[in-house]
2 protein chains.
Amino acid sequence: MLAAERRDHLLALLAREGKVVAKDVAADLGISEDSVRRDLRDLAAEGLCQRVYGGALPASPAVVGYAERQSVTPDGKRRVAAAAVGLVRPGSTLILDGGTTALAVAGLLPADLDCTVITHSPTVVAALLEHPRAELFLLGGRIFKHSAVACGAAAVEAAQNVSADLCLLGVTGVHPEAGLTTGDADEAAMKRALAARAAETWILASAEKIGAASPFRVLPWPRIGGLVTDADPTHPVLERLAADGVELLTAR
Amino acid sequence: MLAAERRDHLLALLAREGKVVAKDVAADLGISEDSVRRDLRDLAAEGLCQRVYGGALPASPAVVGYAERQSVTPDGKRRVAAAAVGLVRPGSTLILDGGTTALAVAGLLPADLDCTVITHSPTVVAALLEHPRAELFLLGGRIFKHSAVACGAAAVEAAQNVSADLCLLGVTGVHPEAGLTTGDADEAAMKRALAARAAETWILASAEKIGAASPFRVLPWPRIGGLVTDADPTHPVLERLAADGVELLTAR
DNA sequence: ACCATACACGCAGAAACATGCAAGAACAGG
DNA sequence: CCTGTTCTTGCATGTTTCTGCGTGTATGGT
């Protein structure tokens, strides 16, 4: 049985039965419960299911729809997201970006987390609906379909009215000269607006983003609180960042 | 039986029966009363139910909305939604409410529909992401979790800046004296704001809503363009509406 | 005021979980 | 074809979480 096959089986089971019990599946397929748990954890990180004690339940259709359009969330993003979760303090206010990495963060936040989450991503909202103690605030605006987030003048303006302790931002490039970059101008403007409204901004960037550059700059790169990545800390770009006083959090 | 599943079961029961008796549920599911009590205590702590001696009652009428999201869209709502789709003109601007009925409308809109959709529901946005020619505008604000839509002052204010040709609004009650009603005050205010920004407002109400009344009024009922329902047009409430000049569209 | 029932609390066994580790398979490069 | 590497998988470990039971207390009905 291939790993991918197992994943498909779990998703199919989830769709058909409405739930998955780790123990039962393990027995049915003749594999260890650990593997099932590992698979479920990965699926949950991609927003394709909701992990619960003993197994998993279907995620909200909105999240599944978005997650399926993306390719599988690579391991790097999952690790980065898991590390970033540690930055979130209970009782604080968090600005959470859109995109797969930020979505993975949302999926990995503890279910009973007591904090306020501000986001411009409908998908992140959907992922956090089941968190009873999380207060959600959605920044509206024109929807940029490619990444399914609100962008444009209205969204940037809406962002002016909020303040937060921490902002977690995903980018597609972390480059010495270009700074922190992304692939769309409106999106870059929105990310910039978000970063400006938080006391501290941390960047989420899996290894393949380090040293890469996209067309539009979000921020000149020393202007951030820290960076979460799974890349080797000895990477020249990261060493230069560290020398500039940017805190690095290495995900493993 | 998973713990999370038990919780869902309790919420569904609460929505369907209007109450939960700890002893009965324990016997039905073959679990100890302590577990049921523990679950109810947790749910109450999350504001999802109201704990009473012997069991629990729904926290607010809005909880019904929450439970509805779990189950499949009933046939009546689907018929109403299908009929409402016919009201949407290509090239026009549409304000679409949150809630299951409006979501069903979103799901039934033709894939190549060329129009602008304004909504305060992240779920509706997710449903329309695959419509390449649809321009989406999301109204942000504090998320009202029970129905997963943006509400509150910020959302109402955001609504002031849009205008549309048609507004499709779901309500939970259509009553001769109470008017058009829903289960939450903020939600009612939001729906009112949406209706005010459209040239014409149509109400979506499946048969069980006709003659029912919820705590909070959205609009006094003659102030609408039309009503889509699958109820019998000879229903006294509908006849009175028709006499007041409200257009009726009967879904079959 | 009395009694039956519901309840909260603490406890202990059981189940689920995360983590580290090692054996094996798949893979890439020479 | 061989070798070193990476990835996967199952197992062992310790930890956390859940659940049912016993005890004593609170509540509501009679």
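The shown structure was predicted, so the numbers you read here are calculated from the model rather than taken from an experiment. Naming: A, B, ... by sequence-line order, numbering from 1 per chain.
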Going by the rule salt bridge (Lys or Arg N to Asp or Glu O under 4.0 Å), which residues pair with A:Arg197 if we only count those two or more places apart in sequence or in a different chain?
none
How about A:Leu168 and A:Leu94: do any of their side-chain heavy atoms sit closer than 4.5 Å?
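A:Leu168 reaches A:Leu94 side chain to side chain.
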When you compare the side chain of B:Leu10 with that of B:Val25, does any pair of heavy atoms fall below 4.5 Å?
yes
With sugar-phosphate taken as primed atoms, P, OP1 and OP2 and all else as base, the protein-contact string of nucleotides 14-21 of chain D at under 4.0 Å (heavy atoms; B, S, -) is ---BSBBB
Grab the NZ-P distance between A:Lys23 and C:dA14 for me, whole Å please.
13 Å
Rounded distance (Å) that lies between atom P of D:dT27 and atom CZ of B:Arg37
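Distance, rounded to whole Å: 15 Å.
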Which of A:His9, A:Arg6, A:Arg7 passes side-chain hydrogen bond (donor to acceptor under 3.5 Å, both in side chains) with A:Asp39? Answer is A:Arg6
Is a donor from one side chain sitting under 3.5 angstrom from an acceptor on the other, for B:Lys77 and B:Ser206?
no
Hey, is the side chain of B:Arg41 poking within less than 4.0 Å of OP1 or OP2 on C:dC7, counting only N and O atoms?
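Result: no.
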Set of residues satisfying ring pair (Phe, Tyr, Trp, His ring centres under 6.0 Å) with respect to A:Phe144, sequence neighbours excluded
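Checked A:Phe144 against ring pair (Phe, Tyr, Trp, His ring centres under 6.0 Å); matches are A:His146.
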Applying a 4.0 Å non-hydrogen cut-off, can you work out what A:Val36 is touching in the nucleic acid: base, sugar-phosphate, or nothing?
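No contact.
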